[in-house]
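The next block holds one structure in the form of structure tokens; read it before the comments.
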Amino acid sequence: MVADIQKILLDRPTIDARIALLAKEIVAAYGTTEFTLMPLLTGSIIFVADLVRHLPMRMRIEVLAVSSYPGRAITNQGPRVLYPSTFDVAGKHVLIIDDILDSGRTLRTVRDLLQSQGAAAVRTCVLVRKQIAQAQHITADFIGFDIPDEFVVGYGLDYNSYYRNLPYIAVLHPHVLGR
Ligand code: IMP
Ligand code: MG
């Protein structure tokens, strides 16, 4: 697996340090307002596991499964909600957690869904944001890192469901894509 890596963009100590600060930003922004954390499966699993252990307040965690890049796709095929939560969002403050902000369609789809279900407020948090022009009309409230517009894996991010377990965020050798 490591032989497939071309370069590491963000190593584990760098990610760990940033997540601790991101948690402080979230604590400061919500104050005493109770919120529900909504991690998007599957990409956010590693990030959210690390993040929640820096969040000391009482909160609910409710997952939602969304897929935009089925199988070997490395371009966005349009977000689809695969596992809708049965959680009643009406009147709730929800913080959506995702691994990466690329086109922004995933966050927009989920945010619109929660708002149509009567959420009191919806905020968004991503570990990384890709620097691409299309992303400009949607951003996230809490962002870990800005990265170049490259297809990345690791720390929850996958290619064809592989590489999520890499403890860093990396770029694959081009010959691996499409394999
Ligand atoms: P968006 O809807 O275009 O913002 O894409 C966000 C979703 O696509 C994320 O939840 C990721 O699962 C996936 N994604 C986007 N870029 C990458 C990437 O570089 N590597 C792996 N998955 C990605
Ligand atoms: Mg995802």
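Counting starts at 1 for both ligands and their atoms, following the listed order. Source: prediction; values computed, not measured. Numbering of residues begins at 1 and proceeds along the displayed sequence.
By the 4.0 Å heavy-atom criterion, G43 is excluded from the residues contacting ligand 1. The closest approach between D99 and ligand 1 falls below 4.0 Å for a heavy atom of the residue. Residue V153 places every heavy atom at 4.0 Å or more from ligand 1. A heavy-atom separation below 4.0 Å is not found between R108 and ligand 1.
Here CG of L157 is found 10.0 Å from CG of D102. Values are rounded to the nearest 0.5 Å. Here I97 contributes atom CD1 and L41 contributes atom CG; the two are 12.0 Å apart, rounded to the nearest 0.5 Å. Interatomic distance, SG of C125 versus CG of L95, reported as 5.5 Å (0.5 Å rounding). In this structure, the separation between NZ on K130 and CG on D149 is 5.5 Å, given to the nearest 0.5 Å.
For H173, the ring-ring contact (aromatic ring centres under 6.0 Å, His included) criterion is met by H175, not counting sequence neighbours.
Short contacts between ligand 1 and D98, defined as distances under 4.0 Å to a heavy atom of the residue, involve ligand atoms 9 (C), 10 (O). Of all atoms in ligand 1, numbered sequentially from 1 with element shown, those under 4.0 Å from a heavy atom of D158 are 21 (C). In summary, the atoms of ligand 1 found under 4.0 Å from a heavy atom of T106, numbered by their order in the structure, are 1 (P), 2 (O), 5 (O), 6 (C), 7 (C). Taking every heavy atom of E150 and a limit of under 4.0 angstrom, the matching atoms of ligand 1 come to 19 (O).
With no hydrogens or angles considered, a side-chain donor-acceptor pair links D4 and Y163 at under 3.5 Å. Side chains of R129 and T139: a donor-acceptor N/O pair is present below 3.5 angstrom, by distance only.
Considering S67, G154, S103, A140 only, the shortest heavy-atom separation from atom 1 (P) of ligand 1 involves S103.
The distance criterion of under 3.5 Å between nitrogen or oxygen atoms is met by G104 with respect to ligand 1. For a threshold of 3.5 Å applied to N or O pairs, the pair formed by V152 and ligand 1 contains at least one separation below that value.
Ion pair E62/K92 not flagged as a salt bridge, since none of the NZ, NE, NH1 or NH2 atoms sits closer than 4.0 Å to an Asp/Glu carboxylate oxygen.
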